[in-house]
Amino acid sequence: MQSTLTMTREEWLSERRKGLGGSDAAAILGMNPYRSPLAVYMDKIGIAPEIPDNEAIRQGRDLEQYVAERFCESTGRKVRRCNRILQHPEYPWMLANIDRDVVGEDAGLECKTTSPYNKTPFDHGDVPAPYYWQCQHYMAVTGCTSWYLAILVHGKAFHVFEISRNEEHIAYLIEKAREFWFNHVLSGVPPLPSGTDGDDDLVALLPSSHDPDDVADLQDLEDEIVLMQTLKGEADDLDKRIKAIKQRVRMELNGAETGRTNRWSITDREQTARRLDTAQLRAEHPDIADEYTKTTTSRVMRVKEIKQ
């Protein structure tokens with residue numbers, strides 16, 4: 001265990017990169033919709049851009065103590081800080097930076113804040129996958145038999161859950177974490193991207209091994225490229241089918257702005273948008289247009305079949 005009391009943020013981030021933490025668990029399992037396995041890999045090898053300290057992150061950090069106090073108030077339990085980076089006794093690449101220990105119990109506490117627009121049905125006992133796997137990860141590292149999860153829904157509700165240790169899930173998590181750490185992080189082999197916009201940005205950060213004028217051998221990806229082109233064709237067909245159904249609905253509305261079925265409510269209203277006419281602006285005031293023109297750079301992939 002290493003104390004975090006005197007660490008700078010840079011030192012803390014450096015220590016986190018020496019293993020997989022609770023916030024990495026769901027991501028490496030492919031169960032975090034906001035963070036991919038590639039994002040974890042890029043973070044661990046130190047080339048991912050640091051996430052800016054936005055308002056949501058700031059509030060989550062600042063309100064951690066409040067959430068802990070509300071947990072104590074609602075449950076009658078006591079908690080204490082654990083200013084340590086914990087390490088699994090058998091698997092040193094599994095780390096834990098927990099929010100609180102629960103006094104007198106073989107348990108810990110994870111404090112969360114979330115938006116009132118979060119659609120998770122907390123009232124029905126549902127817990128988001130990233131929260132669940134984070135708690136299982138902490139139980140794997142600490143050996144605890146349960147973990148409490150306190151969630152403050154801003155301006156709306158406060159929820160407390162007790163998550164029991166699940167040996168089957170922990171064994172699965174440890175095996176996947178082992179594979180990720182050794183097969184990807186230590187081997188320097190990035191995991192496959194997930195198809196998100198975020199992974200687009202991360203792929204662009206990977207070190208280049210070719211010059212722009214090189215012709216890379218992609219033969220090993222022949223089947224994947226065929227599949228990509230097939231799926232693109234199917235996607236085009238689906239887009240047409242969707243558009244045709246929208247057109248049919250509009251025909252049935254026949255001028256009405258609202259329609260209903262037993263299950264759906266449909267609105268179809270005119271919408272006005274104002275956009276800058278950049279062509280006219282450039283023609284009449286080129287000096288102003290240049291001043292306010294934003295130039296962006298992106299990569300465009302085009303696939304063309306080679307005729308035999």
Side-chain angles (χ1 to χ4, degrees), residues 4 16 20-36 39-40 51-83 86 95-142 144-166 168-170 172-173 194 196-198 262-265 267:
T4 58
R16 283 181 66 251
L20 298 169
S23 60
D24 302 321
I28 65 173
L29 297 177
M31 297 183 185
N32 188 333
Y34 307 107
R35 194 162 182 245
S36 69
V40 177
I51 298 174
D53 196 15
N54 57 34
E55 190 62 28
I57 294 174
R58 168 72 187 272
Q59 289 188 21
R61 183 174 62 246
D62 291 351
L63 289 172
E64 180 183 302
Q65 177 60 25
Y66 172 77
V67 174
E69 290 172 357
R70 283 288 300 272
F71 168 80
C72 294
E73 176 186 312
S74 63
T75 65
R77 292 174 170 83
K78 294 181 179 180
V79 298
R80 61 189 171 208
R81 292 180 180 272
C82 176
N83 299 304
L86 307 178
L95 306 177
N97 195 344
I98 69 174
D99 288 340
R100 299 291 189 277
D101 279 318
V102 178
V103 178
E105 292 188 39
D106 190 22
L109 169 67
E110 176 64 20
C111 302
K112 295 291 187 185
T113 58
T114 190
S115 163
Y117 301 109
N118 189 322
K119 295 182 179 180
T120 303
F122 295 115
D123 290 335
H124 296 127
D126 286 13
V127 171
Y131 296 0
Y132 174 82
W133 287 105
Q134 185 170 8
C135 292
Q136 291 294 340
H137 179 96
Y138 290 156
M139 284 184 275
V141 172
T142 63
C144 288
T145 56
S146 65
W147 212 266
Y148 292 100
L149 176 64
I151 305 173
L152 173 68
V153 184
H154 289 296
K156 186 178 179 181
F158 185 78
H159 302 278
V160 174
F161 301 93
E162 182 177 3
I163 298 176
S164 298
R165 183 184 180 95
N166 186 308
E168 183 178 348
H169 287 177
I170 285 176
Y172 173 72
L173 174 58
S194 61
T196 62
D197 291 340
N262 289 334
R263 183 176 177 184
W264 305 104
S265 173
T267 60

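Along the sequence shown, the residues carry numbers beginning at 1. FYI, side chains are in, hydrogens and waters are out, and symmetry mates aren't considered; it's all heavy atoms of this structure.
- To the nearest 0.5 Å, atom CD of residue Glu105 and atom NZ of residue Lys78 are 12.5 Å apart.
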### Message
What verdict does the side-chain contact (heavy atoms from CB on, under 4.5 Å) test give for Val153 and Asn118, after you've listed the backbone C-alpha separation in whole Å, the side-chain angles of each residue and the deciding distance to 0.1 Å?
### Response
CA-CA 8 Å; Val153 184; Asn118 189 322; 5.7 Å; no

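- The shortest non-hydrogen separation linking Val40 to Ala27 is CG2-CB, 3.6 Å.
- Minimum heavy-atom separation, Cys82 to Asp101: CB-OD2, 3.7 Å.
- Taking CD1 from Ile170 and CH2 from Trp133, the interatomic distance works out to 9.0 Å, rounded to the nearest 0.5 Å.
- Heavy-atom minimum distance, Asp99 versus Leu109: CB-O, 3.3 Å.
- Here NZ of Lys119 is found 15.0 Å from CG of Asp126. Values are rounded to the nearest 0.5 Å.
- In this structure the side chain of Tyr66 never reaches within 4.5 angstrom of the side chain of Thr113, judged on heavy atoms.
- Separation of atoms OH (Tyr117) and NE2 (His154) is listed at 12.0 Å; rounding is to 0.5 Å.
- A side-chain N or O of Tyr138 and one of Gln134 form a donor-acceptor pair less than 3.5 Å apart.
- Side chain of His137 to backbone of Asp24: no donor-acceptor contact under 3.5 angstrom is found.
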### Query
Passes side-chain contact (heavy atoms from CB on, under 4.5 Å), Arg81 versus Glu64? Steps please.
CA-CA 11 Å; Arg81 292 180 180 272; Glu64 180 183 302; 4.2 Å; yes

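- Across all non-hydrogen atoms, the minimal contact from Ala129 to Met31 is CB-O, 3.7 Å.
- Nearest heavy-atom pair, Asn32 versus Pro130, reported as atom, atom and distance to 0.1 Å: CG-CG, 3.9 Å.
- Between His169 and Tyr132, the two ring planes are perpendicular [angle over 60°; tilted spans 30° to 60°].
- We find the OG-CD1 distance between Ser36 and Ile28 to be 12.0 Å, quoted to the nearest 0.5 Å.
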### Task
Go through the steps for Thr196 and Tyr34 under the test side-chain contact (heavy atoms from CB on, under 4.5 Å), then give the verdict.
CA-CA 9 Å; Thr196 62; Tyr34 307 107; over 6 Å; no

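- Note: Arg165 CZ to Thr145 OG1 = 8.0 Å, rounded to the nearest 0.5 Å.
- Using a distance-only test at 3.5 Å, with no hydrogens or angles considered, no donor-acceptor pair links the side chain of Glu110 to the main chain of Tyr131.
- Distance alone, capped at 3.5 Å, is enough to place a donor-acceptor pair between the Gln136 side chain and the Ser164 backbone.
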### Verdict with supporting geometry, Thr114 and Phe122, side-chain contact (heavy atoms from CB on, under 4.5 Å)
CA-CA 11 Å; Thr114 190; Phe122 295 115; 4.2 Å; yes

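- A pairwise comparison of heavy atoms in Ile163 and Cys135 identifies CD1-SG, 3.8 Å as the closest pair.
- Side-chain contact between Arg77 and Tyr148 is present, with at least one heavy-atom pair separated by less than 4.5 Å.
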